[in-house]
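Structure, as structure tokens:
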Amino acid sequence: MKWVPPIMGSAAASGEGKAVVFKSKLKWVGLVGLVLSTFSLFTHFLLARYTAGTALSEYQSSITIFSWRPIFDTADLSTTSALQRRLWGPIKHLESLHPYANPRGNYPAPVLQTNGFIFVKVRGGFNEIRNSICDIVVVSRLLNATLVIPEIQSTTSSKGISTEFKSFAYLYNEDQFMSALAEDVKIVKTLPKNLKGSRRKKEIPSFRVSSTSSPSFYLHYVLPVLARHSVVEIVVADGGCLQPVLPPNLEEYQRLRCRVAFHALRLRDEVRELAAKILYRLRASGRPFIAYDPGMTRDALAYYGCAELFQDVHTELIQHKRAWMIKRGIVKGNLSVDSAKQRLSGLCPLMPEEVGIILRAYGYARDTIIYVSGGEVFGGQKKLIPLHAMFENVVDRTLLSMPWELNQMYGREANLVDKTPKMPPPAKEEKKMEAWKTSGPRPRPLPPPPARPKTYNIEGWWGWVAESDNEPESTVMELRTNAHKLLWEAIDYMICVEADVFIPGFDRDGKGSPNFASLVMGHRLYQSAASKTYRFDRKEIVKLLEEIRDQFYQANHTWITSVRRHLRKNIVDGLTKESTISKPLSFLSFPVPECSCSKTNLTKVSSRASSPSSNSRFPAALGAIHQCPSWMNADMVSGPRGDESEEDLDEDDFSSTALLFRQSSENNEGGGEMSNKEDTQIEDQEELEGGER
């Protein structure tokens with residue numbers, strides 16, 4: 001047997017050893033890379049979650065919006081063209097109107113010794129709360145009483161919300177509220193200890209007041225009780241506790257309402273920060289945007305009898321709510337109402353599709369940014385599909401904010417678990433199961449199926465309608481969601497007030513009173529009267545839409561002219577309607593002329609009144625406007641050219657508008673808007689000659 005030296009074997013073994021070492025090095029390199037990547041991701045999430053620096057917050061604003069990427073047909077938007085001035089420019093004749101809610105006469109500061117304490121419970125949604133707080137401050141001033149910061153029932157009845165913010169502080173900044181009204185009303189955060197005990201024992205006299213209560217009611221009925229007991233409780237559940245229109249000798253109290261609504265009621269910092277971020281993201285592209293509030297709530301639809309405008313379960317839901325309103329005397333009328341007749345009378349909300357058609361007819365392009373406000377669009381998101389088809393950049397709060405940003409606004413909340421004990425099966429079901437088990441040999445019937453759990457989704461399928469005449473009680477999670485809705489509406493309110501254009505789909509709530517949109521319009525009229533706010537005459541709009549009902553997306557030149565004339569005309573005529581219809585129901589929906597002043601000489605305005613333009617009628621609608629004080633006139637800037645009228649801002653863009661309608665119906669993408677040379681020659685003679693005569 002010949003021995004072979006292990007030369008080759010040792011070489012192979014050394015090669016294998018080198019390969020093993022190389023593989024182990026690769027594993028270590030991969031492991032180190034994995035650890036570094038994990039550490040980098042962890043650090044990034046920590047910075048994004050907990051850092052509040054301004055530089056980083058701007059960086060967050062640019063990286064966190066992955067739900068919405070704006071799409072624009074044109075890279076540049078000219079702000080100097082006549083079309084852009086017509087669509088986005090200020091209302092020239094209202095530029096001289098400025099906010100001025102300071103006291104103008106003999107208005108003494110509140111005395112230290114008051115007649116007692118007023119403790120208030122406020123119920124309702126965002127707009128009801130805002131109206132009620134303004135009214136109760138005026139009542140406290142009227143009675144020379146010390147106001148305890150109001151208690152918002154929507155938050156105190158909600159379980160599981162953050163304990164960081166209680167009642168009033170859940171929505172508004174308490175310190176700002178107290179300091180802004182220090183010269184008007186004496187305000188404290190809580191009742192004295194001796195009166196707290198009386199409140200727990202329910203020994204405090206209570207008044208449940210309505211929104212039409214007069215000043216004499218408080219002076220003759222509430223004041224004597226307040227003087228006798230040193231404290232009264234007022235329950236406000238009607239969206240207000242004082243009549244909107246006050247006598248002329250109480251005009252200073254109307255200005256106090258403005259100071260409360262527009263200066264003292266500042267949203268808490270976390271809500272304002274998130275609203276500011278959303279505004280920044282909306283304006284990041286450098287383009288103006290439209291805020292649109294559909295106003296399609298179940299309560300409003302039931303109150304005005306608009307059930308037949310919907311289908312299936314939604315019609316049943318509206319009818320169910322209307323029956324409930326009739327039982328409680330909220331609605332006086334029949335359960336069955338001709339919804340088509342109501343719609344033709346302008347008593348139903350405009351559908352998002354109809355609003356989209358009107359905007360396209362007026363000249364707004366496909367790439368216009370539209371922010372849809374409101375927590376509830378009754379009928380679901382499918383009602384917004386036509387609007388999304390007509391405009392590429394339709395967004396809302398959920399697309400412009402991150403879940404962690406909303407959680408940061410909510411604060412640290414308890415983890416709610418449904419602790420309701422499971423009910424045992426009924427005896428009848430047990431007998432069925434026993435009978436099946438003890439039955440004879442097969443074949444035998446199948447066992448009864450287990451009962452399906454009843455799950456009802458507020459924003460989806462309302463299953464209880466088919467099974468019960470009574471609505472199910474609100475769950476713990478639904479109560480907490482109701483508190484969250486206040487914050488959502490607060491964000492929408494800020495964005496709608498700051499928007500370049502605001503469009504209300506409906507301006508009434510489920511009690512026939514001015515709603516969220518009316519409150520926004522009143523705030524815009526006070527803060528920036530010249531900003532564009534369309535006040536649709538729904539009766540006229542529906543009449544125009546009925547003319548093209550059979551060819552919705554193929555509008556002709558005459559119809560487009562009629563729409564533009566109507567919208568331009570109602571920028572002014574809408575003010576007259578608001579002053580005569582909305583103001584008697586809610587002062588904050590039209591706080592002019594009490595809370596405004598004019599920076600120009602009124603003789604110039606009256607000289608324009610001889611003009612045939614419809615815009616010359618607005619001074620009469622606004623009432624007698626006082627001149628601004630000299631210190632406000634000192635920083636007055638020069639306005640636009642004096643001879644330029646609103647009608648002159650129109651241009652011949654019918655070609656693009658008509659083709660845009662055609663694109664919607666044919667789903668034709670591309671930039672062929674100017675291909676039809678004949679359309680570019682069409683001129684709107686009415687607009688070029690100065691509008692309606």
Side-chain angles (χ1 to χ4, degrees), residues 90-91 93-102 104 126-128 130-135 137-138 211-212 238-248 250-263 265 291 293 295 346 493 496-497 499 501-509 511-538 569-598 605 614-615 617-626:
I91 304 168
H93 295 291
L94 293 177
E95 286 184 330
S96 61
L97 204 63
H98 291 268
Y100 185 54
N102 294 352
R104 300 177 191 177
F126 179 82
N127 51 301
E128 289 93 353
R130 200 170 180 88
N131 271 323
S132 301
I133 293 174
C134 295
D135 287 357
V137 170
V138 173
S211 58
T212 57
D238 200 20
C241 59
L242 185 66
Q243 64 187 40
V245 179
L246 297 177
L250 297 178
E251 188 174 306
E252 286 297 341
Y253 289 90
Q254 299 288 54
R255 281 189 275 276
L256 176 56
R257 274 174 162 160
C258 292
R259 290 197 293 277
V260 178
F262 308 131
H263 300 282
L265 284 179
D293 182 65
Y493 183 83
C496 289
V497 169
V501 173
F502 178 67
I503 296 173
F506 200 51
D507 57 357
R508 291 292 180 267
D509 63 8
K511 297 178 182 177
S513 302
N515 65 354
F516 175 90
S518 291
L519 218 60
V520 170
M521 289 191 286
H523 196 151
R524 288 171 65 89
L525 184 61
Y526 170 81
Q527 179 176 296
S528 53
S531 58
K532 264 201 170 50
T533 301
Y534 292 108
R535 295 171 171 85
F536 291 152
D537 183 342
R538 288 184 299 278
K569 180 171 172 279
N570 266 273
I571 287 178
V572 174
D573 287 359
L575 292 172
T576 307
K577 185 179 178 182
E578 288 289 318
S579 66
T580 56
I581 297 177
S582 293
K583 189 170 184 175
L585 299 173
S586 171
F587 173 76
L588 295 182
S589 67
F590 199 86
V592 177
E594 292 87 349
C595 300
S596 298
C597 66
S598 175
V605 178
S614 62
N615 286 327
R617 294 196 296 269
F618 85 85
L622 297 180
I625 302 173
H626 297 279

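This is a predicted model, so every value here is computed, not measured. Just so you know, these numbers use all the heavy atoms, side chains as well, and skip hydrogens, waters and symmetry mates.
Taking 4.5 Å as the limit, some side-chain heavy atom of M521 sits within range of a side-chain heavy atom of T533. Looking only at side-chain heavy atoms (C-beta outward), S96 and S598 come within less than 4.5 Å of each other. Contact check for L246 versus Q243: side-chain heavy atoms found under the 4.5 Å cut-off. Residues P591 and C258 are in side-chain contact: their nearest non-hydrogen atoms beyond the backbone lie under 4.5 Å apart. Between Y534 and N570, the closest side-chain pair of non-hydrogen atoms is not below 4.5 Å. Residues D573 and D537 fail the side-chain proximity criterion, which asks for heavy atoms closer than 4.5 Å. At least one side-chain heavy atom of F262 sits less than 4.5 Å from a side-chain heavy atom of H523. Within the 4.5 Å cutoff, no side-chain heavy atoms of V592 are placed close to those of L575.
Residue N127 comes nearest to P514 through the heavy atom pair ND2-O, 3.8 Å, listed as atom of the first residue, atom of the second, then distance. Here the closest non-hydrogen pair linking L585 and G512 is CD1-O, 3.8 Å. Of all the heavy atoms in V520 and C496, the pair that sits closest is CG1-CB, 3.7 Å. Smallest separation of non-hydrogen atoms from R524 and V497: NH1-O, 3.2 Å. In plain terms, the two heavy atoms of S579 and F590 that are nearest each other are CB-CE2, 3.6 Å. Smallest separation of non-hydrogen atoms from F506 and G295: CB-O, 3.9 Å.
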Q.
Does L588 form a side chain to side chain contact (heavy atoms under 4.5 Å, CB included) with C134? I'd like the steps, not just the answer.
A. CA-CA 9 Å; L588 295 182; C134 295; 3.7 Å; yes
Q | Verdict with reasoning, S518 to R535, per side chain to side chain contact (heavy atoms under 4.5 Å, CB included) | A | CA-CA 10 Å; S518 291; R535 295 171 171 85; over 6 Å; no
Q | Derivation of the side chain to side chain contact (heavy atoms under 4.5 Å, CB included) call for I133 and L265 | A | CA-CA 9 Å; I133 293 174; L265 284 179; 3.9 Å; yes
Q) Stepwise, does the side chain to side chain contact (heavy atoms under 4.5 Å, CB included) test hold for S589 with L519? A) CA-CA 5 Å; S589 67; L519 218 60; 5.9 Å; no
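For F536, there are no ring pair (Phe, Tyr, Trp, His ring centres under 6.0 Å) partners two or more places apart in sequence or in a different chain. Residues satisfying the side chain to side chain contact (heavy atoms under 4.5 Å, CB included) criterion with R259, sequence neighbours excluded, are A101, P103, Y107, D184, R255, L256. Taking the side chain to side chain contact (heavy atoms under 4.5 Å, CB included) definition, one finds that P593 meets it with K583, I625, sequence neighbours left out.
When each of R104, E252, Q254 is checked for a side-chain contact (heavy atoms from CB on, under 4.5 Å) with E594, only Q254 meets the rule.
Atom OG1 of T580 sits about 8.5 Å away from atom CD of E578, to the nearest 0.5 Å. With rounding to the nearest 0.5 Å, the separation of OG in S528 from CD in E95 is 11.5 Å. In this structure, the separation between CD1 on I571 and CG on L94 is 9.0 Å, given to the nearest 0.5 Å. The distance from atom CG of D509 to atom OG of S586, rounded to the nearest 0.5 Å, is 9.5 Å. In this structure, Q527 CD and C595 SG are separated by 13.5 Å, a value rounded to the nearest 0.5 Å. To the nearest 0.5 angstrom, N131 atom CG is 9.0 Å from S211 atom OG.
A donor-acceptor contact shorter than 3.5 Å links the side chain of D135 to the backbone of C241. Checking side-chain atoms of S132 against main-chain N and O of G240 turns up a donor-acceptor pair under 3.5 Å. Not a single donor-acceptor pair under 3.5 Å links the side chain of R257 to the backbone N or O of F587.
Ring-centre distance between Y493 and F126: below the 6.0 Å cut-off.
The residues D507 and R538 are annotated as salt-bridged, a charged nitrogen and a carboxylate oxygen being separated by less than 4.0 angstrom.
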